[in-house]
Amino acid sequence: MTDMCSSSTSFEDLGDEENDSSLANNNLAQSLLQKFESLPSNLCYDGGDGDNEETIADIQSLTSSDISGKELWIFCDKEFDNQSNSGKSRRKSPLDEQPKIGSIIRCLLNSDIDGLKKLARQKFGLLNDSLRLLVWPKLVKADMIETIPRPDNREMETHPFYTQVVMDVNRSLKRFPPSIEETQRLSMQQQLIQLIMRVLIKNPSLYYYQGYHDICVTFLLILGEEMAFHVVDSISRTHLKQHMEKTMETTADLMEFILIMVDEEDGQLGDFMYKSGVGTIFALSWVITWFSHIFRDYKTVGRLFDLFLADDPMLPIYLSTTIVLYKKDDILKLDCEMAVVHQYLCSILEREEDLPIEELIIQAKELFAKYPPDKLRSLQKIKPRSIVTKRKEHSALISLIFAILDKGAKFSFIPITVTMVLCAIVYQQYLSK
Amino acid sequence: MEDYKYLFKIVLIGNAGVGKTCLVRRFAQGVFPNVQGATIGVDFMIKSLMVNDVKVKLQIWDTAGQERFRSITQSYYRSAHCLILVYDVFSQCSFDSLPQWCRDIDQYAGAAIAGNGRNVLKVLVGNKCDKDREVPLHIAEQFAHNNNFDLFMETSALEAENVEKLFREIAEILVSRNQESNGGTMSRSITSNSFNQSSKPSNCFNCFSN
């Protein structure tokens, strides 16, 4: 049992066939649950840095027989509330995590998906890769029983996206933790190609985009190929669907919400960003790769995936907004020029250790509550500040004025003058809006 | 205030994987990244150089190559002084895509003005010339000629071949165009003002007007 637990957090074992099958995963879940139920209460946290030791020790230390599942829940919530506004460190102490592990395993035992989602959204998310391996498929209700035959090589190689996928995967070196040896990485890159192509072949309406492979790497590393396939297949039809349409129009529209929210929350910053003309393309890779393209810390990426899997597909947009708002003071010090602002915003996440991720996540959820997607869509309509919208409106108005003048010319002189005056007033009103 | 006289915006476009980012990094940072991840969205680097005792600042924009990002990156063509269309001499496929890229250039940058009244400077680059080639030199030269490219060059970001030369020639052409059209008296502030105004992509993700 212990071996199975450790294999889940060890990269060296991720490619094993054992981990590739859902059967192995079920066994792992069973072993973790049994461990949770049966271990003595006097074992304590060993302080190991690696997820591996940490997980086992955590599981061991939380199995105190005098704490019922319900009490663990309460403790966890209280802990979360007390610390919601605390410092920047991602992991305060093992004590933060221990009760939560109990909660997670209880939810797993009871197949309480809502409970798991709640825990995944809370501080530190699902804590470690062992738990992610168990919980992620449940969060997206991945159908692990359905067996999909692997496409043959010919089918894969003739697929329109195959060349692009291979190219992107072959240069995804940076996304693999350095602890993985080259030979193993190369074999995982092959698995990654298979994984992506299987999803694309199964879902012909989905269009691959550069950055999708970044998301898939994370799932492959944590879940192994077979389980990653089921999870990626599931989220591609839900969370990522908006980015996988034939064009990126929907994504572009959604990204506009970032500036709308910034403007609503902080008029000064909003004005500055509108004035600079920076747009929102700086956050494109944040949103479409769930921050995995840019964050170097593998643990942060895992934690964000916990959140995004458990929450609304729009949440990356809200988190991007909170990051911009958090950097307000620095942004306002910049020259109000597109290139300067773009470059600064692109560089924010390179110093990820400066970002209080857990705090920003809480703020993102608050923003979501304050500006749900429907509200943003209505704001988008009444705040047509984008050049695109404005230009469309402008040309429509001009054509309308000329049409009226043209019609008016058929009548006498006075109505034309009146029409012209009216048009001028309307136009002035429009400009001053 | 930085002490440059001209600021030019150069945009690199072309199929994914032809080496756009490597070209920019070789020129701006003097390095060749062994494994360069895909560019998602757009990014830029700055490099200054002296042209005839005049300090010129090049703002080099690097764009995502995948077709589905084009609607986003096209908005960056408009304000460019120079567009560098890159293909891979080792990849016939990347060369075969050039006509589509040329149509995009004509559509989105045809009316773009670099300097006074001139069209954007169009440059064709065959990268990875250190490798065995699939695209013969004379075919590419003919293509560049037929499609009114102002400059054609084969480069190797890996071996730093022609990279410095490429950007230097571009800078020289842009400087001479500016000096011709302004009688050599153009001040830095005029250039950067006109650049600032034109540098706002007008059709990008949510680019807002003043």
Side-chain angles (χ1 to χ4, degrees), chain A residues 163-164 167-168 170-175 207-211 213-214 243-249 251-253 255-260 263 270-271 273-286 288-289 293-294 335-339 342-343 346 380 385-391, chain B residues 1-2 7 9 15-19 21-22 33-46 57-76 78-79 88 91 93-94 97 192-193 195-210:
Chain A
T163 316
Q164 183 71 57
M167 185 189 294
D168 292 339
N170 284 346
R171 48 188 181 153
S172 62
L173 174 79
K174 212 175 75 176
R175 291 297 327 283
Y207 288 75
Y208 171 81
Y209 61 87
Q210 288 186 299
H213 69 295
D214 282 304
H243 309 310
M244 302 190 76
E245 295 171 6
K246 190 171 182 182
T247 71
M248 289 295 237
E249 297 278 317
T251 307
D253 271 354
M255 305 264 306
E256 202 164 309
F257 293 161
I258 297 174
L259 282 193
I260 289 175
D263 195 42
D271 281 349
M273 289 183 65
Y274 284 128
K275 202 175 165 191
S276 74
V278 71
T280 52
I281 202 169
F282 65 86
L284 181 66
S285 80
W286 304 359
I288 67 175
T289 73
H293 185 71
I294 185 119
D335 290 341
C336 189
E337 205 267 307
M338 188 272 269
H342 175 88
Q343 192 168 46
C346 286
Q380 198 171 25
R385 293 182 69 172
S386 83
I387 286 180
V388 189
T389 324
K390 219 162 187 173
R391 191 189 298 115
Chain B
M1 291 289 275
E2 293 173 70
L7 173 59
K9 180 175 170 184
N15 275 15
V18 297
T21 307
C22 290
N34 279 330
V35 182
Q36 176 64 48
T39 305
I40 296 171
V42 294
D43 204 356
F44 76 91
M45 287 191 184
I46 296 272
K57 193 165 160 182
L58 299 182
Q59 190 183 72
I60 308 162
W61 288 81
D62 180 23
T63 60
Q66 197 192 2
E67 187 166 3
R68 57 194 284 101
F69 289 108
R70 278 193 209 177
S71 59
I72 298 159
T73 52
Q74 275 159 353
S75 53
Y76 286 78
R78 283 208 180 92
S79 51
D88 173 358
S91 157
C93 172
S94 73
S97 302
S192 37
N193 277 343
F195 174 79
N196 282 346
Q197 279 163 10
S198 65
S199 66
K200 287 163 192 169
S202 50
N203 191 26
C204 67
F205 266 15
N206 185 19
C207 287
F208 290 80
S209 68
N210 294 338

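Naming convention: chains lettered A, B, ... in sequence-line order (proteins, then strands); numbering from 1 in each chain. Atoms considered below: every heavy atom in the structure, side chains included; atoms not considered: hydrogens, waters and symmetry mates.
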Heavy-atom side-chain proximity of B:Ile40 to A:Asp214 below 4.5 angstrom: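 Yes - at least one pair of side-chain heavy atoms lies under 4.5 Å apart.
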Close side-chain approach of A:Met338 to B:Tyr76, heavy-atom, < 4.5 Å: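 A side-chain contact exists here, since the closest heavy-atom pair is under 4.5 Å.
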Sequence neighbours excluded, which residues qualify as side-chain contact (heavy atoms from CB on, under 4.5 Å) partners of B:Ser97? B:Asn15, B:Trp101
Where on [X] is there a heavy atom nearer than 4.5 Å to chain B: the side chain, the backbone, both, or neither?
X        : answer
A:Ile294 : neither
A:Thr289 : side chain
A:Gln164 : side chain
A:Ser285 : both
A:Phe282 : neither

For the [atom1] atom of [X] and the [atom2] atom of [Y], what is their distance to the nearest 0.5 Å?
X        : Y        : atom1 : atom2 : answer
B:Thr39  : A:Leu284 : OG1   : CG    : 11.5 Å
A:Tyr207 : B:Glu67  : OH    : CD    : 10.5 Å
B:Cys22  : A:Arg171 : SG    : CZ    : 8.5 Å
A:Lys246 : B:Arg68  : NZ    : CZ    : 10.5 Å

Is it the side chain or the backbone of [X] that comes within 4.5 Å of chain A heavy atoms, both, or neither?
X       : result
B:Thr73 : neither
B:Val35 : side chain
B:Gln36 : backbone

Set of side chain to side chain donor-acceptor pair (under 3.5 Å) partners for A:Gln210, sequence neighbours left out: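 Counting only residues at least two positions away or on another chain, A:Gln210 forms a side chain to side chain donor-acceptor pair (under 3.5 Å) with A:Asp168.
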Would you find a donor on one side and an acceptor on the other, under 3.5 Å apart, between the side chain of A:Glu249 and the backbone of B:Ser71? no
So, does A:His342 use its side chain to make a donor-acceptor pair with the main chain of B:Phe44 at under 3.5 Å?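 Checked: no pair found.
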